[in-house]
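Read the structure below first, then the notes.
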Amino acid sequence: MMNGCCRAVAVSCCRSWSDVVRNVTAASRRVATAQNHHATSGPTRCVSRGLATSPHVHPGPGPEGPERTAPLRAVDLAKKIRREKKDAERAAKVTKTTTATATATPLEKRVSELKQFTQQLQNVHPNVLAKHLHKTMLFQNKDVVVINKPYGVPVQDQRGGTCISSVLPILVKMMDGAKSHWELQPCLGLEKEVTGTLLLARSQEVVDHIVYLHRHNQLQRKYWAVTVGVPVPSEGVIDIPLIEREVEGTQHHFKMGLSPMFRHNDTGEGVSRIRAHRQAESAVTKYQVLDSRAGCSLVELQPLTGVKHQIRVHLASALGCPILGDHKYSCWSKLAPQKLPDNVLGKLGLEKSKTRNLPLHLHARQMILPGNDSQPEIRVSCPMPKYFTKALQRLGLIFPDEKDVK
């Protein structure tokens, strides 16, 4: 009987021990399943003070277990958010530009393209600008070179940006080869917003000669301008000195202004000479109206002196006919977009809010260098930019050559 009791107890113990083992094994399987699910469910964020999480991939719970992705760091999350924000802004900008372009008139599209082209030229690599100048070159010989200056590119830039002068060494190599000993220097400058013929000299001696010719009015430079208004009389000479004046107000700035040597008498009959300002510079401009229509004119101008903004001031202040796109001198008291008459806006197909993007319609059309015993006269003409010709067509202004053909 004793043996039977012992045998029963042993069997009971074995059964209890088997149940324990079975329960432990099932629990281990549930834990392993939970760990595998946690490892494959995505990255987890781990934050600990003074301890950076490793960006590397860590192995799973066993030597052959599945790999877990690295925890996402805060800096990576910030970069991702910034990148997504930039992509969204870029997409919104493209959508806005596409919508504006679709609703714009042909001239507004051309003005927008010119603005973008100008910004590209100002930020372009020097080699690209030099290649463009070489491709559009108008004339060259052993002494001088005449190039077609594009709109919006300065001849010189004191701030160190891309300009005509900075790419001249590259232009020389494109013209004469890498071993060329020649150099190019601007003789007579052009404003940033003016297009057309720009004279370059190959030596300092030639520069001095060109300056001498210019001072003695032996070098002729002719400009074409589209004016808002019709000058009266239709041709003449403007001989009014200029001086830089301070314009006070909400927009404090400086402008070139007239400094006349005559004034009307108090009685309104006749004029009397007044004392000239010591800082005033002599400025003389010949002009001739080539065509006028729709309240605008195509005017040919020949400056006999080289004062800053001479043509713009003489047209706007002396004749009362500012250049189309001259936002600086169209109004003396403030700096604001040029105000155009409704009929001019209609001809150009522009809205009032779009006039601020109108470029200055002033073009250096022709340059004439006198000849001598060793070389003949040099006469170089420059084609007008597309925005200039488009404006002439919309305003109905006819080129002199087309008039002659008719």
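Quick caveat: nothing in here was measured; it's all calculated off a predicted structure.
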Within the side chain of [X], is there an N or O that forms a donor-acceptor pair under 3.5 Å with the backbone of [Y]?
X: Asp176; Y: Trp182; result: no
X: Ser297; Y: Gly229; result: yes
X: Ser330; Y: Asp326; result: yes
X: Arg202; Y: Asn141; result: yes
X: His216; Y: Gln218; result: no
X: Glu244; Y: Lys255; result: no
X: Arg245; Y: Met256; result: no
X: Ser282; Y: Pro241; result: no

Shortest non-hydrogen contact from [X] to [Y]?
X: Ala294; Y: Leu395; value: CB-O, 4.1 Å
X: Leu301; Y: Ala225; value: CD1-CB, 3.7 Å
X: Cys163; Y: Val153; value: CA-CG1, 4.3 Å
X: Leu138; Y: Pro383; value: CD2-CD, 4.2 Å
X: Cys187; Y: Leu200; value: SG-C, 4.0 Å
X: Ile170; Y: Ala130; value: CG2-CB, 3.7 Å

Rounded to the nearest 0.5 Å, how far apart are [atom1] of [X] and [atom2] of [Y]?
X: Cys321; Y: Tyr287; atom1: SG; atom2: OH; value: 8.5 Å
X: Leu304; Y: Leu219; atom1: CG; atom2: CG; value: 11.5 Å
X: Ile323; Y: Leu362; atom1: CD1; atom2: CG; value: 4.5 Å
X: Asp87; Y: Arg82; atom1: CG; atom2: CZ; value: 13.0 Å
X: Leu184; Y: Ile164; atom1: CG; atom2: CD1; value: 11.5 Å
X: Leu171; Y: Ile147; atom1: CG; atom2: CD1; value: 7.0 Å

Is the shortest heavy-atom distance from the side chain of [X] to the side chain of [Y] under 4.5 Å?
X: Leu350; Y: Leu358; result: yes
X: Cys382; Y: Leu198; result: no
X: Val194; Y: Leu360; result: yes
X: Lys328; Y: Leu335; result: yes
X: Pro186; Y: Ser165; result: yes
X: Glu300; Y: Arg365; result: no
X: Leu348; Y: Leu340; result: yes
X: Thr227; Y: Leu324; result: no

May I ask you to check whether [X] and [Y] place their ring centers less than 6.0 Å from one another?
X: His327; Y: Tyr329; value: no
X: His361; Y: Tyr387; value: yes
X: Tyr223; Y: His363; value: no

Check: Does CD belonging to Gln279 count more than 12 external heavy atoms closer than 6.0 Å?
Finding: no

Check: So Met137 and Val145, side-chain contact (heavy atoms from CB on, under 4.5 Å) or not? Walk me through it.
Finding: CA-CA 8 Å; Met137 187 180 302; Val145 174; 4.0 Å; yes

Checklist line | Candidate pair Glu235 and Lys286, rule salt bridge (charged side-chain N to carboxylate O under 4.0 Å, His left out), full reasoning | finding: CA-CA 8 Å; Glu235 62 178 307; Lys286 293 175 62 177; over 6 Å; no

Next item on the list: Go through the steps to decide whether His309 and Arg312 satisfy the test side-chain contact (heavy atoms from CB on, under 4.5 Å), and finish with yes or no.
Entry: CA-CA 5 Å; His309 296 172; Arg312 298 167 65 180; 3.8 Å; yes

Next item on the list: For Cys296 and Val344, run side-chain contact (heavy atoms from CB on, under 4.5 Å): C-alpha distance rounded to whole Å, both residues' side-chain angles, the deciding distance at 0.1 Å, then the answer.
Entry: CA-CA 8 Å; Cys296 294; Val344 177; 3.7 Å; yes

Next item on the list: For the pair Glu281 and Lys308, find out whether any cationic side-chain nitrogen is under 4.0 Å from an anionic carboxylate oxygen.
Entry: no

Verify the distance criterion only: is there a donor paired with an acceptor across the side chains of [X] and [Y] at less than 3.5 Å?
X: His253; Y: Glu246; answer: no
X: Gln338; Y: Thr355; answer: no
X: Gln185; Y: Glu183; answer: yes
X: His314; Y: Thr285; answer: yes
X: Gln310; Y: Thr305; answer: yes

Item checked: Contacts of Glu84 that satisfy side chain to side chain contact (heavy atoms under 4.5 Å, CB included) - sequence neighbours left out -> Lys80

Checklist line | Test applied, side-chain hydrogen bond (donor to acceptor under 3.5 Å, both in side chains); reference residue, His214; option that passes from His209, Arg221, Gln220 | finding: Arg221

Next item on the list: For Lys85 and Ile81, run side-chain contact (heavy atoms from CB on, under 4.5 Å): C-alpha distance rounded to whole Å, both residues' side-chain angles, the deciding distance at 0.1 Å, then the answer.
Entry: CA-CA 6 Å; Lys85 184 178 180 180; Ile81 294 174; 5.5 Å; no

Check: Which pairs, with at least one residue in residues 145-157 and sequence neighbours excluded, count as a salt bridge (charged side-chain N to carboxylate O under 4.0 Å, His left out)?
Finding: Asp157-Arg159

